[in-house]
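Contents: one structure, followed by commentary.
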Number of protein chains: 2
Amino acid sequence: MDTGDVFDPNCPTRVVLDRIGDKWSALVLLCLVGGPMRFTKLRERIGGVTPKVLTQTLRAMEQDGLVTREVFAEVPPRVEYALTDLGHSLHGPMAAVATWAEQNVGQILRSREMHS
Amino acid sequence: MDTGDVFDPNCPTRVVLDRIGDKWSALVLLCLVGGPMRFTKLRERIGGVTPKVLTQTLRAMEQDGLVTREVFAEVPPRVEYALTDLGHSLHGPMAAVATWAEQNVGQILRSREMHS
DNA sequence: CCGTATCCCTCAGGATACTG
DNA sequence: CAGTATCCTGAGGGATACGG
């Protein structure tokens, strides 16, 4: 696989950025790093996400092999989402971005204000 | 530093992800890591970007203090874009994501195919 | 060469309501 | 509890043409 074609729309970085760059995926990832979590709990921890969109996000992440979905045949129903190994391995790079963000967001916001 | 407000819409990670998660910013960053570059050269290296959108992207990055824009009063006109120190410092985390992407995109695409 | 000016259009995401 | 089912809005981004 060629690793240099960052300008190809199908390049690895594009694919990954399209996933973690959406509005909720990164948040789901960070929620699940601590361990499996069920649907409603995810909704609570991630403020402002509607069930439809949360489902969409989880389905997409499942399709990409980042999370698993396990249904327990109980009453009331219980569905647990968990990170796969692949999902867990993504946490490292994400944490790097998060750390940079925390350290530099102040400068960005100040710069944004100045140019307004 | 508080690392717990990841669920606030104004949280650092959100702000940064909204920037580098858009369609062209990451590509511009990767272009400029090698040194300053002028507008048309950027257009050429980044395939498929229209001048309007490239300008939008560059203006946004300039606003956020990631790039500088220097106009040379020449004929024909010349405009060079370069990364600021802040912009350069973002390359580390981005490279971490890119490396992960290159190593794991195969698995993602395979998983995507299986679930289709 | 380096953009702006328009127009257009898709689609991610939100609001709301309902169900197995 | 864990989702679907609809409907809708807006912002990001593309096509094309023109201007300093």
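In what follows, chains are A, B, ... by sequence order, proteins preceding strands, each numbered from 1.
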Q) Below 4.0 angstrom from OP1 or OP2 of C:dT4, is there any side-chain N or O of B:Arg59? A) yes
Q: Would you name the heavy atoms of A:Cys31 and A:Met37 that are closest together and state the gap between them?
A: O-CE, 3.8 Å
(Q) Are A:Arg112 and B:Val15 packed together at the side-chain level, in the sense that at least one heavy-atom pair is separated by less than 4.5 angstrom? (A) yes
Q. Do any side-chain nitrogens or oxygens of B:Thr40 fall under 4.0 Å of OP1 or OP2 in C:dC2?
A. yes
Q. Atom NE2 in A:His88, atom CG in A:Leu83: separation rounded to 0.5 Å?
A. 4.5 Å
Q | Base versus backbone protein contacts along nucleotides 15-20 of chain C [heavy-atom cut-off under 4.0 Å; B, S, -] | A | B----B
**Q.** d(CZ, B:Arg38; C1', C:dG3) in whole Å
**A.** 13 Å
Q) Relative to the 5' end of DNA chain C, which residue comes earlier, B:Leu58 or A:Val49, by the nucleotide with the nearest heavy atom? A) B:Leu58
Q | Nucleotide C:dC2, atom C1' - distance to CD of B:Glu74 in whole Å | A | 13 Å
Q. How would you give the extent of chain B contacts on DNA chain D, as first and last nucleotide 5' to 3' within a 4.0 Å heavy-atom cut-off?
A. D:dG13 to D:dG20
Q) Whole Å only: how far is the CD1 atom of B:Ile46 from the P atom of C:dC2? A) 14 Å
Q) Given side chains that start at C-beta, do those of A:Gln63 and B:Met114 come closer than 4.5 Å, heavy atoms only? A) no
Q | For atom NZ of A:Lys23 and atom C1' of C:dC11, their distance in whole Å | A | 14 Å
(Q) Students often get this wrong, so: under 4.0 angstrom with heavy atoms, is B:Phe72 touching a base, only sugar-phosphate, or nothing? (A) nothing
Q) Just how far, in rounded Å, is C1' of C:dG14 from CG of A:Leu54? A) 14 Å
Q: Please identify each residue that fulfils side-chain contact (heavy atoms from CB on, under 4.5 Å) with B:Ser111, with sequence neighbours left out.
A: B:His115
(Q) Nearest whole Å is fine: how far is C:dC1 C1' from B:Met37 CE? (A) 16 Å
Q. For the side chain of A:Thr84 and the backbone of A:Leu66, is there at least one donor-acceptor N/O pair under 3.5 Å apart?
A. yes
Q | Any B:Arg69 side-chain N or O less than 4.0 Å from OP1/OP2 of C:dG3 | A | yes
Q. Can you tell me how far the OH atom of B:Tyr81 sits from the CG atom of B:Leu58, to the nearest 0.5 Å?
A. 5.0 Å
Q: Write down the atom of B:Val16, the atom of A:Ala101, and the distance for their closest heavy-atom approach.
A: CG2-CB, 3.4 Å
Q: With the side chain counted from C-beta on, respond yes when B:Ile46 and B:Lys41 share a heavy-atom pair under 4.5 Å apart, and no when they do not.
A: no
Q) Rounded to whole angstroms, how far apart are CG on A:Asp18 and C1' on C:dT10? A) 15 Å
